[in-house]
Amino acid sequence: VTHPKIPLTDPDVWRAELRGWIEENLPRHLVMDNSSYRRGSITELEEWERECYGARLWGVTWPHEYGGHGLSIHEHLIANEEIGRVAMPPSVNSVGKELVGPILLSAGSQAQKQSLLRPILEMEHIWCQGFSEPGAGSDLARVRTRAEKIDGGWRINGQKIWTSLAERSDYCLLLARTGTVEDRHKGLILFAVPMNTKGIDVRPIRQMCEAEGFCETFFTDVEVLDDSVVGDVDGGWRAAVSVLSTERATNRMYRGCRFENELQHLVRVCRATPSLAPLLDDNSYRQRLATLWSDMEVVKANARDVVDRIARGYEIGEYGSFIKLHWSEAHQRLAVLGIEMLAQSWDSFAPDVLRARRRFEEIYLEGRAETVYAGTSEIQLGIIADRILELPKVKR
Amino acid sequence: MNIYSMNPELDEFQDTATQACAAVVGLSVRESAKRLCADGLTKVLAPGPSGLGLSAEFALPVLRAAGAARLTFPLGTLLAATHLFDSPEDVIEGYAILVAAPVAKLCLSDGQISGHAGHVPIADQADWLLAPLANDVLGLIDLSDSGVSCTPYGRLDIDRPVFTVALKNVPAVVIKDPQAVERYHHQDRIFRAIDAMAGAETAMALAIKFLSDRSQFGQPLIGFQSLRHDLARARIELHSLERIIWSALTAPEDCCVDLASMAYARAATCCPSIVEMALHMHGGMGFTWDVSTHLWLRRLRSDFGAICAGAAQNRVADGIIGVR
């Protein structure tokens with residue numbers, strides 16, 4: 001995606017504008033470190049995201065003609081840092097904004113860009129991702145969902161899994177196969193499939209963390225038009241790889257600042273709670289907090305580095321594996337420390353302590369997925385070994 | 001792609017520094033100092049007519065090259081301390097060898113210092129010793145004074161042995177400018193981290209070479225996934241360390257996070273472990289004298305002997321949680 005390489009606004013003014021807007025407009029009950037927090041309804045969250053888009057927090061780098069704000073990656077980073085520093089709820093359309101948008105911008109047809117991009121930002125279209133299958137998780141090249149050419153379009157048959165939010169999605173970015181499984185990376189095709197198409201059956205999957213939205217999706221003789229194909233026919237794998245590398249490096253650049261928000265929340269609650277305050281004098285906890293603070297600084301530095309690389313015209317590619325692997329594992333360590341420390345306030349029912357305990361329990365449970373989605377840790381290690389260390393490959 | 005790929009000037013510095021450091025391997029400390037001066041490496045951060053007056057990030061390629069060459073000459077100390085001297089010509093021109101004590105128990109009375117300074121590298125070959133007197137005070141001590149005696153401490157680093165230096169009523173220059181002293185400590189922590197990172201990178205490269213050449217069970221060892229993943233984990237540790245080092249070198253002066261201590265702590269935690277892993281990957285060969293990995297292991301474990309990762313983590317914790 002080509003977008004401006006230099007900042008188009010004064011960074012301090014841009015930051016102050018966004019920060020001021022968030023402080024003024026974010027409902028207190030949606031702030032996860034606020035004692036009045038309650039989980040927002042989907043409608044409420046959609047409305048909040050729509051307002052964020054209007055305030056230029058989302059769609060920062062997307063071109064004006066497709067509903068974006070036409071700014072640079074530098075403004076994108078600052079917007080993410082401001083999103084991260086406040087414990088606001090995660091996007092309910094992150095697949096649309098962080099996966100589908102970038103891939104449509106790079107591989108979609110002009111008509112697709114015109115019709116599909118703006119509704120993502122305006123929260124009119126929620127998207128889900130149809131990549132993984134029961135037999136094709138980390139090894140995406142084993143996708144079996146079949147796309148068969150018919151007159152004027154394609155007929156799709158297969159099963160997708162981990163299609164988060166599929167039951168409320170308007171579209172699915174679907175990876176299918178035109179040839180056989182033996183073709184591996186060849187013969188893969190991407191579709192933008194309207195979820196109200198006949199033959200699609202979505203079944204919810206109950207998640208261990210109790211959050212809603214996990215699904216499996218069945219496609220039975222689903223017929224889509226030719227103009228649903230994203231990118232070249234049989235070029236789907238290339239586009240998918242582009243999505244995944246984008247996902248690892250440039251998405252959720254707010255993570256470092258959110259990590260900092262979580263650490264500060266933990267320390268703040270411990271300091272203010274008589275049964276927890278002594279933990280802050282305990283050397284083992286101090287050491288673990290200091291290590292996590294350093295990890296958090298690495299997450300933030302990695303985001304700045306990605307921006308620098310993009311601005312200078314470098315490909316991100318496998319560099320995203322560093323970022324994803326480091327962040328996901330460090331964040332899991334933070335969650336463990338959080339529940340361990342807060343568990344020692346078992347006799348406290350103060351609202352701030354209860355809120356913190358609930359928040360870190362959620363981070364802990366939801367965080368178990370972080371080393372799995374978007375390429376497991378083992379996949380990232382393989383990428384680092386193969387493409388960054390360039391270790392010789394051995395044929396068996 | 002490393003951090004220099006986006007900065008051709010740093011990349012060029014790395015090449016020059018690598019050649020210069022390789023050229024002094026095997027030379028005496030004094031000869032090394034003069035050669036490194038002739039190649040400009042001692043002058044990188046020094047201001048004024050005698051120095052190059054470059055910004056702190058230029059220390060990264062220079063000290064990375066020095067660490068990879070496992071120099072005996074303590075170039076990092078010199079670069080960290082240059083700003084403490086009104087006239088640094090003697091040390092940056094290589095006429096006087098400056099070393100530093102990471103730890104000391106010293107007392108100052110009537111301008112004279114007594115006590116002990118620990119873990120001082122090549123104290124027997126140096127001219128000046130920089131040692132902490134208090135939190136924000138340093139003493140500069142003439143090692144040729146009759147009140148100075150040096151005793152070897154341990155046998156870990158045989159190329160750059162460390163000493164315990166006893167001082168008895170030794171005259172000293174007392175450096176009290178808190179900003180200058182803080183800057184010295186800040187840079188010293190970062191530069192030690194760079195030195196260790198370079199050692200770990202070099203040891204890793206040796207391990208990769210060995211694993212690529214050595215076959216077992218009918219295939220090169222480098223093909224085994226567990227070894228590839230261990231190397232990848234080490235690489236990500238070094239990448240994270242490099243990011244923190246870079247953040248510490250380029251942070252604005254009013255940055256309230258102690259990034260230098262974070263860099264030191266990360267280096268002290270991961271670098272010796274990576275060298276240990278590299279040695280282990282050599283199997284029995286790693287335990288032989290001829291495989292040089294043990295020399296980096298000795299260097300890193302010796303360097304982090306005085307101030308361990310935990311001590312640096314405590315400094316970080318003091319900054320973010322508050323002093324106990």
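Just so it is clear, the model here is predicted, and its values are computed rather than measured. Heavy-atom basis, side chains included; hydrogens, waters and symmetry copies ignored. Each chain gets a letter, A, B and so on, in the order the sequences are listed, and its residues count up from 1.
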Enclosure of [X] [atom1] (heavy-atom neighbours >12, cutoff 6.0 Å):
| X | atom1 | value |
| --- | --- | --- |
| Asn135(B) | CG | no |
| Glu12(B) | CD | no |
| Arg387(A) | CZ | no |
| Tyr364(A) | OH | no |

Salt-bridge contact Asp188(B)-Arg192(B) (side-chain N to carboxylate O under 4.0 Å):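 Salt bridge flag = yes for Arg192(B) with Asp188(B).
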Under 4.5 Å from a heavy atom of chain B, the part of [X] involved:
| X | result |
| --- | --- |
| Glu390(A) | neither |
| Gln264(A) | neither |
| Leu391(A) | both |

What part of [X] gets closer than 4.5 Å to chain A, counting heavy atoms only: side chain, backbone, both or neither?
| X | answer |
| --- | --- |
| Ile320(B) | both |
| Arg266(B) | side chain |
| Leu241(B) | neither |
| Asp258(B) | neither |
| His239(B) | side chain |

Out of [options], which one racks up the most heavy-atom pairs below 4.5 Å with chain B?
| options | value |
| --- | --- |
| Ala385(A), Ala301(A), Cys270(A), Ser294(A) | Ser294(A) |
| Leu289(A), Val299(A), Thr291(A), Leu263(A) | Thr291(A) |
| Asn302(A), Ile384(A), Leu389(A), Leu381(A) | Leu381(A) |

Criterion ring pair (Phe, Tyr, Trp, His ring centres under 6.0 Å) on Tyr264(B) and His185(B), from CA distance to verdict: CA-CA 11 Å; Tyr264(B) 185 96; His185(B) 285 308; over 10 Å; no
Short side-chain donor-acceptor distance under 3.5 Å, Glu75(A) and Ser72(A):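 Result is yes, a qualifying pair exists.
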Heavy-atom pairs under 4.5 Å with chain A, option from Val323(B), Asp318(B), Thr269(B) with the top count: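 Between Val323(B), Asp318(B), Thr269(B), the count favours Asp318(B).
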Partner chain A: residue of Ala265(B), Gly310(B), Ser247(B) with the largest heavy-atom pair count (under 4.5 Å):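 Result: the option with the highest number of such pairs is Gly310(B).
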Single hit among Arg268(A), Arg255(A), Lys300(A) for salt bridge (Lys or Arg N to Asp or Glu O under 4.0 Å) with Glu260(A):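 The passing option is Lys300(A).
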Donor-acceptor under 3.5 Å (Arg228(B) side chain, Ile222(B) main chain):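 Looks like yes, one N/O pair under 3.5 Å.
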